[in-house]
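Have a look at the structure below before the remarks.
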Amino acid sequence: MDFSARLTRCPLPYDTAAAAEGLRLMGDDLPAALAPLIAGAAGCSPYLKDLIAREALWLREALGQDPSRITAGVLDPLEGCSLADLPEALREAKRRIALYAGLADLGGVWSLEEVTLALTALADRAVDLSVKRLVADEIRRGKLPGQTVDDIPTAAGYVVLAMGKMGAGELNYSSDIDLICLFDETRYPGYDAQEARTAFIRVTRKMAAILSDVTSGGYVFRTDLRLRPDASVTPVCISMAAAEQYYESVGRTWERAAYIKARPCGGDLAAGWRFLDTLRPFVWRRHLDFAAIQDAHDMRLRIRDHKGYNGPVVLEDHNMKLGIGGIREIEFFTQTRQLIAGGRDPDLRDRTTVGGLQALATRGWIPADVTAELTALYRHHREIEHRLQMVRDQQTQRLPTSAEEFDRLARFCGAPATEVFRSELKAKLLRVAELTESFFAPGEAASGPALSETARDIVEAWSRYPALRSARGREIFTRVRPRILSRLAQAANPEEALLAFDGFLSGLPAGVQIFSLFEANETLIDLIADIAATSPELSRYLSRNSAVLDAVIGGSFFAPWPGVPDLIFALGEAMAQESDYERRLDRARSWMKEWHFRTGVHHLRGLIDAFEAGKQYAELAEAVVAALWPVVLAEFARKHGPQPGPGAVVLGMGSLGAGRLNAGSDLDLIMLYEDGGVEMSSGPRPLGARVYYARLTQALVTALTAQMSNGRLYEVDMRLRPSGRAGPVATAFAAFTAYQRDEAWTWEHLALTRARALAGNLALGEEAEAFRRSLLVTKGQGSAVRQDVADMRARLLLHKPGGGWEAKSGPGRMMDIELAAQTCALIAGDPARRVEAQLRAGLRAGLLSKAEENTLATALRLLWRVQTTARLLEMPDPDPDRMAEGARAFILRECGAADAAELAARLSALSAAADGIITAFLARRAMAGG
């Protein structure tokens, strides 16, 4: 695309004499279509007029070229420059790219992004060439211990990080460049590191001089090194280890924001990327970081106070970057939201402002229309900023103070009328302020509801809690407290809800983050109030695991349930972000708790019922085992070698195998393996096959059960393996099949009715399933099956008589019905695993009548609803007389009962009916002898 096709935005000449001079400098062969552009540039900008004079010959040639090749044509010849020739060559390159970028910008040939990328490409090349030439000189003089000419391409471990707009590829037309200079100390053992540091400090100072010293040829870039760690006391170049230690110990929010845009731009780029990867946990917090909003708000106020940018917007001398409605407002708005959620969502970690806005919109953090408007406003402001800087090549964002200069700026921006330009500019500044201010500025605290004397005593005690010890925590909580109290006052029993919230608040170890979350997301206050009104126990759980609240506002909390394959993939991705085994296990815990909490909240709020909740809890557990298995296996194989023989399979038993768990379920697992005759593993510390698989099983159990900083995943029960507690924790498949055929008790065959492969060797899992199906057909035909089950049932009921709202144990209760269902599946030789499907198998086999099957299924459904809601509320023994009013209402709503008496009567009647059916079923003689 040529210039002549894009002159609609070309500015009119302001200074006609200068415009004529610009045309004269270009000569007679200038194409007529380009004359207004050259005249406009020279007439409005003394700086561009000077560049036209210096580079007239080059410009005449460049104007006929493809604009996309101009930057390469200027930069590529620099590669052959010596250190002595480099400073002047870079200045010439700067003049040419600045001139062409200015004309391409004014003529509309390049977009804002193309202009800033061209300027950034020059900065990158200038830094990289300067660094490598200077390091080569240090190596030649023997000042870098152990380094040779082979180390020049990596600058001997020295790297320059581009920060700010350079890091984002967004350099201003007349920008300084923010750099941080580091070196990889691991390349310099012992005292060599001190000698290397001295050399690299010299390199840094000389590089800054090459770039920023003003000579007859001008300058390349003003260079700012003050973003480095603790710049007031540290040298201009420090080791990566020292920088990492600083950020881990005292790094501040503004430094985290600065590193959003950071990237290596010169020297050892690979080492630079490795360093940035080590800083990832510092920059991108794992939990949603709404406290960053307050930090950004405070920073904005400090800047305004220091620079005097408070008060109404007056265009004269207004700062387009730092003033109200300026560029920094949009950048803070974007970066703060990236900091809040970028730790959980890598898609938000875009270095550019426009790209960051678009990513935030795509992920649902900003409305699409707000993103579109802020993007347009950002581009507008940056174009004004460029025009201001093009006039005299000054690093300024201040609007003119005189009418004459405003006329010049208006013409330079292509506006035919200054008043229209001023009116539109002010409106856009005010619009930026309107769109961004509400996000940063905290709202004023309301008074809140009137409190009873008891409630006042509770609230007054809050000031002594750990979460409110810090001044900042108290400040934020003061603003959210009225909303919290108002919402708690709407509970069925407000004082009961207030006490439950008190339990939540008293257990919080700190408050700034969680209170910031509340302030930014009032839906969380509603959720906490619902939980407090329903379950004090769940409130206390949340105080210990408040990080799970992040998931509520993470963008997909109310999306459809993803299913097992997507869950496995998501957990695998989450663990892959961690650098070592322990961190992966801990990451799995935080991930699982969020999904577990999601299911609980959906159930609590009536979005799903107890049966869908049971399915989701089971699928989550299956996904955790399946995703964790390869991680555990890889770590174990690293020490002891790959699995000897074909490998192992993990079977889910009990409720996990049946695909229905509650919020408090443990996992019943067994491990089967085939060694294929391979006696030993082949790792650094080889093990015999039997020991290998036993220890691998223990490693999996530990990965699931170990208490870590984010708690544990699940309790694991392996008593359903052959011989129970006395048997080996991992069983050879041949031994397992022989045991089941020749030695197993009837209860072990019953357990096998719900076995299901979850992870491990697929072929072995298929073998296990084929064996399970054939065994059920065989073992269900024995004459003693019903008597064995009847004896087992009698022992169970002797110790757990049941009654009341107890759903699990007792005659005709859930375990009793499950036992009967498994017996039906065994006698019928049916592979069904779910309780309802096993009961239907009994119906098809003539073991139960239609009425019996219907009664047992109806009783099971009611009992499951009571059991699942009670476990969600952390009530193993639900007693309607002792539970909170909200909890009682939740269980009654789930069960469709009007009051506690009605539910108790239904439970009693259905359990009694189920008890009678099961007793009669086990007393019958089966038609086939079972």
Side-chain angles (χ1 to χ4, degrees), residues 609-615 618 652-662 665 668 746-756 772-773 775-777 779-782 785-790 792-793 796-797 802 807-868 895 906-930:
D609 67 4
F611 291 91
E612 177 61 24
K615 172 177 171 288
M653 309 291 285
S655 298
L656 176 60
R660 184 180 290 165
L661 300 178
N662 62 55
S665 293
D668 292 300
T746 297
W747 72 264
E748 293 175 291
H749 297 145
L750 293 176
L752 208 60
T753 65
R754 303 204 283 185
R756 180 164 58 96
R772 182 185 83 93
R773 289 172 177 256
L775 186 81
L776 294 181
V777 171
K779 292 298 182 179
Q781 304 310 307
V785 170
R786 294 196 200 208
Q787 187 59 52
D788 287 347
V789 174
M792 186 190 320
R793 180 180 184 237
L796 290 172
L797 296 182
K808 186 176 182 180
S809 303
R813 304 284 164 148
M814 206 162 65
M815 283 181 60
D816 206 18
I817 296 172
E818 290 174 347
L819 185 66
Q822 291 170 57
T823 305
C824 286
L826 180 60
I827 294 175
D830 194 286
R833 296 182 179 90
R834 291 180 57 248
V835 181
E836 295 92 335
Q838 291 178 337
L839 290 173
R840 288 194 294 273
L843 173 64
R844 288 192 299 271
L847 304 174
L848 298 172
S849 69
K850 179 61 178 175
E852 288 174 330
E853 182 267 339
N854 182 66
T855 298
L856 291 177
T858 301
L860 175 75
R861 285 192 288 270
L862 180 62
L863 291 162
W864 177 257
R865 291 184 186 278
V866 174
Q867 170 75 355
T868 305
C895 297
R906 285 171 56 192
L907 285 170
S908 178
L910 282 170
S911 295
D915 177 30
I917 291 169
I918 295 169
T919 301
F921 161 63
L922 294 177
R924 292 180 199 137
R925 293 289 179 187
M927 288 180 288

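As the structure is a computational prediction, the values presented were derived from the model and not from experiment.
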| query | Is a side-chain N or O of Arg756 found less than 3.5 angstrom from the main chain of Leu656, in a donor-acceptor match? | reply | yes
| field | 4.5 Å side-chain heavy-atom contact, Phe921 and Leu847 | value | yes
| task | Find the distance between CZ (Arg865) and CG (Leu862) and round it off to the nearest 0.5 Å. | result | 8.5 Å
| note | Shortest non-hydrogen pair, Ala859 vs Ala914, comes out as CB-CB, 4.3 Å
| Glu818 and Arg660: salt bridge (Lys or Arg N to Asp or Glu O under 4.0 Å), yes or no, with the steps? | CA-CA 12 Å; Glu818 290 174 347; Arg660 184 180 290 165; over 6 Å; no
| query | Of the non-hydrogen atoms in Ala828 and Ala845, which two are nearest, and what is the gap between them? | reply | CB-CB, 3.8 Å
| query | Is there a side-chain contact between Arg754 and Val835 (heavy atoms, below 4.5 Å)? | reply | yes
| message | Is any side-chain heavy atom of Ile918 closer than 4.5 Å to one of Leu856? | response | yes
| field | Exam field: side chain Arg772 to backbone Pro831, donor-acceptor pair closer than 3.5 Å | value | yes
| said: To the nearest 0.5 Å, what is the distance between CG on Leu843 and OG on Ser849? | reply: 8.0 Å
| query | Taking side chain as C-beta onward, heavy atoms only, is Leu907 less than 4.5 Å from Arg813? | reply | yes
| If only atom types and distance count, is the side chain of Arg793 paired as donor or acceptor with the main-chain N or O of Pro811 below 3.5 Å? | no
| task | Flag the pair Trp864 / Asn662 as yes when at least one side-chain heavy-atom distance between them is below 4.5 Å, and no otherwise. | result | yes
| side chain to side chain contact (heavy atoms under 4.5 Å, CB included) partner of Gln822, the single match among Arg833, His749, Gln838 | Gln838
| request: Determine, stepwise, if the pair Ser911 / Leu863 fulfils side chain to side chain contact (heavy atoms under 4.5 Å, CB included). | output: CA-CA 9 Å; Ser911 295; Leu863 291 162; 4.2 Å; yes
| remark: Nearest heavy-atom contact between Asp609 and Glu612 is OD1-N, 2.9 Å
| query | Rounded to the nearest 0.5 Å, how far apart are CG of Leu775 and CZ of Arg773? | reply | 13.0 Å
| field | Note, Val789 side chain near Arg786 side chain (heavy atom, < 4.5 Å) | value | no
| Quick check: does any side chain N or O of Arg906 sit under 3.5 Å from a backbone N or O of Cys895, one acting as donor and the other as acceptor? | yes
| remark: Which of Leu750, Leu826, Asp830 passes side chain to side chain contact (heavy atoms under 4.5 Å, CB included) with Leu776? Answer is Leu826
| request: Could you pull out the closest heavy-atom pair between Val785 and Ile827, with the gap in Å? | output: CG1-CG1, 3.9 Å
| task | Please indicate whether Lys808 has more than 12 foreign heavy atoms, meaning atoms of other residues, nucleotides or ligands, lying under 6.0 Å from its NZ. | result | no
